[in-house]
Participant: 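Provided herewith is a single structure, encoded as structure tokens, for subsequent inquiry.
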Amino acid sequence: MIQSDEGAVSPDEKDVKRSTTSTPENGLSQILRLVLQELNLFYSRDVNGVCLLYDLLHSPWLRALLKVYDCLQEFKQRKLVPATPHAQMLSYEVVELLHASPSSPEIQELRQILQAPHFKGATIKRHEMTGDILVARVIHGGLAERSGLLYAGDKLVEVNGVSVEGLDPEQVIHILAMSRGTIMFKVVPVSDPPVNNQKMVYVRAMTEYWPQEDPTIPCADAGLPFQKGDILQIVDRNDALWWQARKISDLGTCAGLIPSNHLMKRKQREFWWSQPYQPHTHLKSTTYKEEFVGCDQKFFIAGFRRSMRLCRRKSHLSQRRAGACCAGSCCSAVGAPYEEVTRYQRRPSDKHRLIVLVGPSGVGVNELRRQLIELNPNHFQSAVPHTTRSKKSYEMDGREYHYVSKETFESLMYSHRMLEYGEYKGHLYGTSVDAVQAVLDEGKICVMDLEPQGIQVARTQELKPYVIFIKPSNMSCMKQSRKNAKIITDYFVDMKFKDEDLQEMEDLAQKMETQFGQFFDHVIVNDELQEACAQLLSAVQKAQTEPQWVPATWVSYDPES
Ligand SMILES: Nc1ncnc2c1ncn2[C@@H]1O[C@H](COP(=O)(O)OP(=O)(O)OP(=O)(O)O)[C@@H](O)[C@H]1O
């Protein structure tokens, strides 16, 4: 017979004594006891502050806390096994201490947690052929695993003396849920306990997952919900369908179940086929923009264009569709649900990472980019775009644009050397990978804005882009901060932002986050301009100097480094 992984016990007197005497001589509880004895001598002598100090140190909260601390220290030092009975003893003592303290909602909650039996450390299933109740999996980091008493494949025979023969797993769970105090299992141990010798991998979730909404998950309570872009530590891939994972933001907790790569793809395909047919549409077409830079500027910045994104709605211009592929939106239906990632820290000798700014039209992508470059033009730079239009008299090849033939432009397009491109007034415009590389080769940081559909194209080992999403704040803040701002277009001079423009911006930002949020490394809300600019500078610096999660394929391991 063995004990459950977490059932709280009411130990007898002997047990309590054993636990209490195990408190270390020089433990904090012991020191506190001695200090209280000393203070007690002065309590009645009206020494300044002694009464207050005594009352503070005498509080049951502090004693409970120190007792837990001491016990944990002892656990660490003596490596007490099996850990479960010792943990139960500890929880019993803490509950006793809490009884003495004045009642509060927190104390009641803590008491309930310590007294209730939990069975979250393992899941059970019924064997299809024999009908036996088996331990399906032991959750990593849970008490069942840490106790070392239960293994996947163990056969459950009895729970608290009740035979589980012929019962459904739900009925067994019900018995467990109704149990109070000690839970006793009788098990037939699996003859060959599974050994997990897989390498730990980290992945970026390219889709979201809500276990409570998934009828196929074996145990919804054991599921791990996640959102697009979350980084997950995969701790167990033994099961072909259900993996165990933790979020890196929460590594202290026990793992949860997530669909395996294979299962998630199957779900995505099923979902895709279940959707009514919709003609293919992009989130937004890239309408290329004319150059914005004027001769009156302090210095020349290529790649700033007059935007037509907002006025497009009103001008009814027929524009050629976006150049950059729509990988994010179209492939997400059946694309890889998880992307293996690794920590990458740029070494000083490495080229800088490309900084990509993404955001809905009018949110301030160009404004922020300009401000960043103006801060230090020797350090930050835009890429010089390509065009098929002819050079104007005051322009210089390679400064405003690279002037190329239609054939050359198209060959760059078809060989995937264009990060984005579009057509305007019969001419092609676009930014090439080589133009970005030219900036990086000079040791500078290349900062570019990109339609979200283009992110996938830019995500290569050579550019290692760091994607920053510029997001509008809420409507009322935007109305205030954009009171005097002007929409920059070719068609309307000094056009102010109207409510519908701000609403469109907000809607588009939401769509972008929903469709492409998994690619965003950082999000900046552009409310107060100088604040947003400071955040951008800090994010750009961190991207270049601090470790970041990047696709594992971007990093080739050099054993020398
Ligand atoms: N935080 C801010 N506060 C006030 N005005 C702002 C702020 N951010 C941007 N603006 C102003 O809003 C207008 C639009 O900004 P910007 O041209 O940078 O938008 P965009 O995101 O590049 O969109 P588009 O590509 O359509 O031009 C500009 O006049 C800019 O000065």
Side-chain angles (χ1 to χ4, degrees), residues 283-294 297 301-315 317 319 322-324 355-375 380 382-383 385 419-422 424 429-431 447-455 467-513 516 520 523-537 539:
L283 179 67
K284 176 169 56 177
S285 66
T286 300
T287 49
Y288 218 79
K289 304 179 254 180
E290 254 299 351
E291 66 273 28
F292 175 76
V293 71
Q297 285 210 234
I301 311 175
F304 280 88
R305 288 102 30 167
R306 200 172 289 260
S307 170
M308 294 180 303
R309 296 196 285 182
L310 278 168
C311 68
R312 188 190 50 199
R313 182 159 45 83
K314 295 147 191 143
S315 64
L317 275 178
Q319 298 284 343
I355 301 296
V356 172
L357 304 185
V358 178
S361 180
V363 74
V365 166
N366 269 307
E367 182 68 56
L368 285 169
R369 188 159 64 108
R370 184 169 32 252
Q371 296 233 355
L372 185 70
I373 294 173
E374 276 181 10
L375 277 178
F380 303 111
S382 290
L419 291 174
E420 63 168 355
Y421 53 87
Y424 175 64
Y429 294 83
T431 308
V447 190
M448 71 178 297
D449 67 306
L450 211 55
E451 297 294 335
Q453 291 89 346
I455 297 174
V467 181
I468 301 176
F469 180 56
I470 310 295
K471 191 178 169 170
S473 59
N474 63 48
M475 275 292 275
S476 59
C477 291
M478 289 295 284
K479 274 186 200 172
Q480 187 61 31
S481 66
R482 303 307 195 271
K483 218 162 46 188
N484 301 316
K486 305 280 171 14
I487 300 174
I488 299 161
T489 77
D490 263 359
Y491 296 90
F492 302 94
V493 178
D494 284 356
M495 191 173 79
K496 287 202 165 191
F497 282 94
K498 292 208 262 328
D499 284 1
E500 60 177 301
D501 297 322
L502 299 176
Q503 187 59 55
E504 182 180 329
M505 206 191 289
E506 192 175 292
D507 295 346
L508 202 49
Q510 251 174 33
K511 280 190 192 142
M512 283 182 175
E513 269 191 306
F516 300 98
F520 302 160
V523 177
I524 292 175
V525 176
N526 182 15
D527 186 15
E528 205 282 305
L529 188 58
Q530 290 322 309
E531 167 63 25
C533 198
Q535 283 183 27
L536 177 62
L537 180 64

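Whatever order the structure lists ligands and atoms in, that order sets their numbers, starting from 1. In this text, all values refer to a predicted model and were calculated from it rather than measured experimentally.
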Participant: Near Ser361, which atoms of ligand 1 are under 4.0 Å from a heavy atom of that residue?
Facilitator: 23 (O), 24 (P), 26 (O)
Participant: Can you tell me if Asp499 and Gln503 form a side-chain donor-acceptor pair at under 3.5 Å?
Facilitator: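 No, no side-chain donor-acceptor pair sits under 3.5 Å.
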Participant: By number and element, which atoms of ligand 1 are closer than 4.0 Å to a non-hydrogen atom of Gly362?
Facilitator: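 Close to Gly362: 14 (C), 15 (O), 19 (O), 20 (P), 21 (O), 23 (O), 24 (P), 26 (O).
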Participant: Is the backbone of Pro472 close enough, under 3.5 Å, to the side chain of Asn526 for a donor and an acceptor to pair up by distance?
Facilitator: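 It does not hold such a pair.
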Participant: Determine whether a donor-acceptor pair (N or O, by modelled atom type, separation under 3.5 Å) exists between the side chain of Glu451 and the backbone of Gly454.
Facilitator: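 A pair under 3.5 Å: no.
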Participant: Between Ile355, Ile470, Asp449, which is the residue that forms a side-chain contact (heavy atoms from CB on, under 4.5 Å) with Arg369?
Facilitator: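 Single side-chain contact (heavy atoms from CB on, under 4.5 Å) partner of Arg369 among Ile355, Ile470, Asp449: Asp449.
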Participant: Less than 4.5 Å apart, side chain to side chain, heavy atoms only: is that true for Ile468 and Ile524?
Facilitator: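 Answer yes - side chains close enough.
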Participant: Hey, is ligand 1 close enough to Phe497 that some N/O pair sits below 3.5 Å?
Facilitator: no
Participant: Is there a polar contact, in the sense of an N or O pair closer than 3.5 Å, between Val365 and ligand 1?
Facilitator: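 Right, the criterion is met.
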Participant: Does the side chain of Gln371 pick up a donor-acceptor pair with the side chain of Glu367 at under 3.5 Å?
Facilitator: yes
Participant: Kindly identify the option in Ser481, Pro360, Cys477 whose heavy atom sits closest to atom 4 (C) of ligand 1.
Facilitator: Ser481
Participant: Which of the atoms in ligand 1, numbered in the order shown and given with their element, are less than 4.0 Å from a heavy-atom of Leu529?
Facilitator: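 Listed by number with element: 1 (N), 2 (C), 7 (C), 8 (N).
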Participant: Within a strict 4.5 Å, meaning less than it, do heavy atoms of the Leu368 and Leu529 side chains meet?
Facilitator: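 Leu368 vs Leu529: side chains touch.
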Participant: For atom 29 (O) of ligand 1, state which one of Met478, Lys486, Glu367 supplies the nearest heavy atom.
Facilitator: Lys486
Participant: Can you tell me which portion of Arg482 lies within the under-4.0 Å heavy-atom range of ligand 1? Options are side chain, backbone, both, or neither.
Facilitator: side chain
Participant: Once you restrict to heavy atoms under 4.0 Å, what part of Asp527 touches ligand 1? Side chain, backbone, both or neither.
Facilitator: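 Asp527 to ligand 1: backbone contact only, side chain stays beyond 4.0 Å.
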Participant: Taking N or O atoms only and a 3.5 Å limit, does Ala485 qualify as a polar contact for ligand 1?
Facilitator: no
Participant: Does Arg482 reach the main-chain N or O of Gly362 with its side chain, forming a donor-acceptor pair under 3.5 Å?
Facilitator: no
Participant: Has ligand 1 got any nitrogen or oxygen that is less than 3.5 angstrom from a nitrogen or oxygen of Glu528?
Facilitator: no
